[in-house]
Structure formats: structure tokens, C-alpha cells
Amino acid sequence: MSVLKKLASETAIYGISTMLGRFLNYLLVALHTKLFEPEQIAAQGQLYAYAGLAMVLYTFGMETAFFRFARQETDRKAYYNLILSAVIIISVFFSGLLFIFADHAAAFIKYPESVSLVRMFAVIMAIDGIVSIPFARLRLEGKGKKFVILRVTNIAINIFLNLFFLILCRDIHAGKYLLFLQPAVDAIYDPLRAPDYIVTANLVANLLFFWMLRKEFADFKFVFNKTLFRPVWIYAYPIMIMNAGGVLNMLFDRAFIQFLLPENFYPGRTSKQAIGIYVQCYKLSIFMNLAIQSFKYAAEPFFFSKGEDKNAPPVFAKVTKYFIIICVLMWVGICLNLDLLAELFLKQKIYHEGLPVVPWLLAGYLFLGVYYNLATWFKLTDKTEYGTWLTLMGAAITIATSFILVPQIGYLGFAIAFATSSFIMVALCYYFGQKYYPVPYDVLSAVGYIGVGGLVIIASTFVKIPNLYIAVPVHMLILAIFAVAVFLIERKNIPFLNKR
């Protein structure tokens, strides 16, 4: 029991740090959308999507392989040196090619003016790939506090540098205050490249990882043993394929929007403006994603600890039921208050044009969260090949549906494709799960809550209240009524109320 408590405690630590970090970074959206037009930050948003896709190749499943092969302390040093050496080779090779041929890469993604950004991303991706293994080592050695401190420190530095470049340097350059610092600021700040400093801040913050992880690099020795590496690679490459499918499913839209969205699809908007609008509106779905990732961190050790218990299936069913209820309430609450969130985070009105994609994206993440719940069966029965195929199928559905819908309805097609893909993954995972690891899920309840939640959201789109001071209380009242209705339906199933 103490081991399980320790595992759950460490998982919660990592989860909280990840969720906090992503939320703090999200606060920068308000700054970026206030200072820049959509077309000015379209390239940055897309390059971050490409970086997310590339990281699957840079780490190629080696983090998980390190956990698998370095479990014994006697093997840890040898596998740490071996795996980190392999990741360094791959990271330097790919980033080196990208750095050298940055002009060709920028032209290929239709941002020929962003060669310097591509080169900065090449360095950022190499750093992220290399430091992933020292961070994995911290997790394996149970140094959760150090892991959290380093991650949060990196985020704090990134936020500080954004404020430094985009506000302080801008104002000093414009002569608003601290005039004696103008010569120094002019040496490092170019107002014509202001949006690029978003990436510059990220690059500087990531470079500091090498200093922060100096102890983990101090005892590293570059080695490569083909015989020792072969079983590591055999174990890792299926994980790389599964990760590639999952990441492609979530990042395909932002990575390929400029290739699928017809030129001048939106009247009065260039393609880059449309891309910038979609990328920033997409970030409003992070609230559901954060909740799901937080649940995933906490639930995975719980599911594995209960897996051998014959009474586990009914428990899993209850966990999934209440997970769906909470996510549906979030879905309804966010969608009813999109106007408020847009005012808080999307500072210029032009960004509000993309808000219709948010309910679909939230629905996609809701279904993806349900999939993570249902996916317990193939993890507990060692049928992980089903996870690989389901993930790849989800990515294929997202891609195919996007090719059909985006030329017809614009970037809304990406959001609908993601929601459709996630729903089909849930249906297939449920079907196969009931064959190999039956769980008495309350399907009728799930369909009912999701269906009613969807109807509430659809109904709200027909009644627009332009005044936020009226709209917010009305929408919160609707959410409260919905929540009370759910409570009244479920109160007989809540243990402490029945006991009382």
C-alpha cells in the first residue's frame, strides 16, 4: 500500500506541475493576442505544432525504454549513457539538417520570411529531445521535487523574457521611460521582429536547462553499444508509432492548415490571418485538456493497482461515469461563457471569429478523455497492439475527414474531424474492451449527459446576449440548473449522501 501511495503521490506532483505550467504559459495568450495581429503570430503557432510532431522522432520512445531497462539500479548508469547518447545523435542530426536547410523548410511550409524562426526551432527541438532523458532519470530516481522546480523555473523564465522583450524593451525603444537604456535595448531589440521574440524567449529559457541539469550531465559518458541497444530499440519503436499517431491526431490541424485551407476562403481575411485566428482560438480548449491530463496522471496508477481485483470492473465503471459528468459540466460551462473567455484571453475582436470551433474541440477532448478511461482494458490484458491500431486509426480518420471538410467549411472542419475521430476511437475501444475485459459501463447515462449537454450548447447559440454583464449571470444560472439536475439524478448513487 505504501508503494502505491508513493506512486500516486509522485504522479500527482508531476501532474500538478504540468498542469500549472501549461496554464501559466496559456496566460501569455492574452499578451500575444493584444500586441499582435493574427498573421503576425501564425508562423509561431504552426511551428510549435511541427515541433510537437517532431519530438516523437527526436525521442523515438526512448523515455519509456529508459524506464523499462534502467529499473535496476545496477543497470541504470549503462542504459542512461546508452539511451542519452542515442537521443543526442538523433537530435543533433535532425536539427542540424533543419538548421542548414532552414530556407527550404520555411519555403515548404509557406513561410519563406521565417527562416530565422525555423533555425531557432531547430535548436529548441534538439534541446527538448536531449533533456528529456535527464528528466526521465529524475523521475526514475524519485526526484519529483527537483523535476517540478526545474520545469516551473523554465516556465517562469519564459514568461519573464516574454514580458521583458515584448513590453519592457518595446517601451524603452519607443522612448516611454528609462531613456538611458535605449542604446543597450536597441542592440538586442528590433521592433520589426517583435513577434519573433516569443520564440527567442523560449529558446533562451530552454538553453538554461543545460545549466539546471548540470549534475545529470556531469556523469554522462557518450557510448554506443549496438548489441545492448538492439533490444532497447525493439521495445521502443512500437511506442514511437503509437505516440506518433496520438500526436498527429491532435496536431494535424495546426501543422497542415495552410495546405488544406483554400486561399481567400474567408472574405477579407488572408490565409495567414485565418491560421492565426484558428491557432489562438484552439487554445481555449486547453481547459478541458488540462482536466483530462490531470485525471490521467492520477488515474493511471489507480487503474493498475486495482487491475487484479475481481471487483475492479464496477469501480472502473463508476470512475468513468463521474469523469464524464464532470467533463460534460465543464464542456457546457466553457461553451456558455465563450464570450467572457474571449474577452479575457483573445484581446482583439478579430480573434473572436474563430470561436465556433471551440465547442467541437472541447467535445473532441471530452471523448479523448473517455477513451483514456476505456483504454485500461488493453493495458491490463497486455494487448497494447490494440492501442497502437486504435491510435493510428484515429489519426487516419482525423486526416481523411479534414481533407473532406476543410475545403468546404474552413477551419471548423478540423474541429469536427477531431471530435469525430475521438468519438469513433471511444466506440471501437468500448467494443473490443467488452470482449476482452468486460466492464459494466453505464452507457445510457453517458449518452444522456453528453446528448443533453450538447443540446444546451446548441440552444445557447440561437440566443445571443451582447451585454456581458447580463450574459454571464444568465449563462451561470443555466449551468447551475443543469448541475442541480445532474445532482438530483445521481444523488442516490453518491455514497456519503446515502450513508447520511
Side-chain angles (χ1 to χ4, degrees), residues 53 56 238 241-257 260 282 285 288-289 291-293 295-296 316-317 320-321 323-325 327-328 330-331 335 356-379 381 383-409 411-439 441-455 457-458:
L53 290 170
V56 176
I241 294 171
M242 191 188 315
N243 289 344
V247 171
L248 185 60
N249 192 22
M250 288 190 284
L251 295 178
F252 175 78
D253 52 354
R254 284 153 289 166
F256 294 93
I257 182 172
L260 296 185
Y282 189 101
S285 67
M288 182 73 79
N289 192 22
I292 289 168
Q293 291 298 326
F295 172 83
K296 188 179 177 183
F316 292 171
T320 302
K321 178 176 183 175
F323 170 83
I324 291 172
I325 290 172
C327 285
V328 168
M330 285 188 62
W331 184 34
C335 291
V357 306
V358 179
W360 288 98
L361 293 170
L362 291 168
Y365 277 116
L366 190 159
F367 289 129
L368 201 60
V370 177
Y371 171 78
Y372 291 147
N373 273 267
L374 304 186
T376 303
W377 73 265
F378 62 71
K379 296 175 183 178
T381 57
K383 296 184 181 294
T384 51
E385 66 273 14
Y386 280 88
T388 302
W389 287 114
L390 287 171
T391 304
L392 292 176
M393 184 177 293
I397 293 169
T398 296
I399 294 169
T401 310
S402 296
F403 268 94
I404 295 170
L405 293 181
V406 173
Q408 304 300 321
I409 61 175
Y411 46 57
L412 180 62
F414 284 122
I416 294 175
F418 176 53
T420 302
S421 167
S422 299
F423 174 77
I424 293 174
M425 287 173 65
V426 167
L428 292 174
C429 192
Y430 173 79
Y431 172 76
F432 289 110
Q434 293 304 97
K435 290 178 62 176
Y436 296 105
Y437 191 89
V439 175
Y441 294 113
D442 191 344
V443 178
L444 185 61
S445 166
V447 172
Y449 287 130
I450 294 173
V452 173
L455 289 174
I457 293 168
I458 292 170

Supply the atom-to-atom distance Tyr372 OH to Cys429 SG, rounded to the nearest 0.5 angstrom. 11.5 Å

So which atom in Val247 and which in Leu53 form the shortest heavy-atom distance, rounded to 0.1 Å? CG1-CD2, 3.7 Å

Between Gly387 and Tyr371, the two heavy atoms sitting closest are O-OH, 4.0 Å

Using modelled atom types and a 3.5 Å cut-off, is there a donor and acceptor pairing between side-chain atoms of Ser421 and backbone atoms of Ala417? no

Could you pull out the closest heavy-atom pair between Ile292 and Cys327, with the gap in Å? CG1-SG, 4.5 Å

Answer yes or no: is there a side-chain heavy-atom contact under 4.5 Å between Phe316 and Tyr437? yes

Interatomic distance, Leu374 atom CG to Phe367 atom CZ [nearest 0.5 angstrom]: 11.5 Å

So Asn289 and Leu361, side-chain contact (heavy atoms from CB on, under 4.5 Å) or not? Walk me through it. CA-CA 10 Å; Asn289 192 22; Leu361 293 170; over 6 Å; no

Phe418 and Phe252: aromatic ring centres closer than 6.0 Å? no

At their closest point, which heavy atom of Gly369 faces which heavy atom of Phe323, and how far apart are they? C-CE2, 3.4 Å

Distance from Thr401 atom OG1 to Ile424 atom CD1, nearest 0.5 Å? 6.5 Å

Return the minimal non-hydrogen interatomic distance between Met250 and Tyr282, and the atom names on each side. O-OH, 3.4 Å

Report the distance from atom CE of Met425 to atom OG1 of Thr398, rounding to the nearest 0.5 Å. 8.0 Å

Side chains of Ile409 and Ile416: does their closest heavy-atom pair fall under 4.5 Å? yes

Please report the C-alpha distance between Tyr411 and Asp253 in whole Å, then the side-chain angles of each, then the deciding distance to 0.1 Å, and finally whether the side-chain contact (heavy atoms from CB on, under 4.5 Å) criterion is met. CA-CA 8 Å; Tyr411 46 57; Asp253 52 354; over 6 Å; no

If I compare all heavy atoms of Leu260 with all of Phe403, which pair ends up nearest, and what's the gap? CD2-CE2, 3.3 Å

Output for pair (Ile458 CD1, Cys335 SG), nearest 0.5 Å, gives 10.5 Å

Quickly, which of Tyr436, Tyr441, Tyr430 forms a ring pair (Phe, Tyr, Trp, His ring centres under 6.0 Å) with Trp377? Name it, please. Tyr436

Counting distance only, does the side-chain N/O of Thr376 pair as donor-acceptor with the main-chain N or O of Asn373 below 3.5 Å? yes

side-chain contact (heavy atoms from CB on, under 4.5 Å), that's the test. Do Asn249 and Thr391 meet it? Break it down for me. CA-CA 8 Å; Asn249 192 22; Thr391 304; over 6 Å; no

Does the side chain of Phe423 reach to within under 4.5 Å of the side chain of Ile397, using non-hydrogen atoms? no

Hey, are the side chains of Leu428 and Tyr386 touching, using non-hydrogen atoms and a 4.5 Å cut-off? no

Passes side-chain contact (heavy atoms from CB on, under 4.5 Å), Asp442 versus Tyr449? Steps please. CA-CA 11 Å; Asp442 191 344; Tyr449 287 130; over 6 Å; no

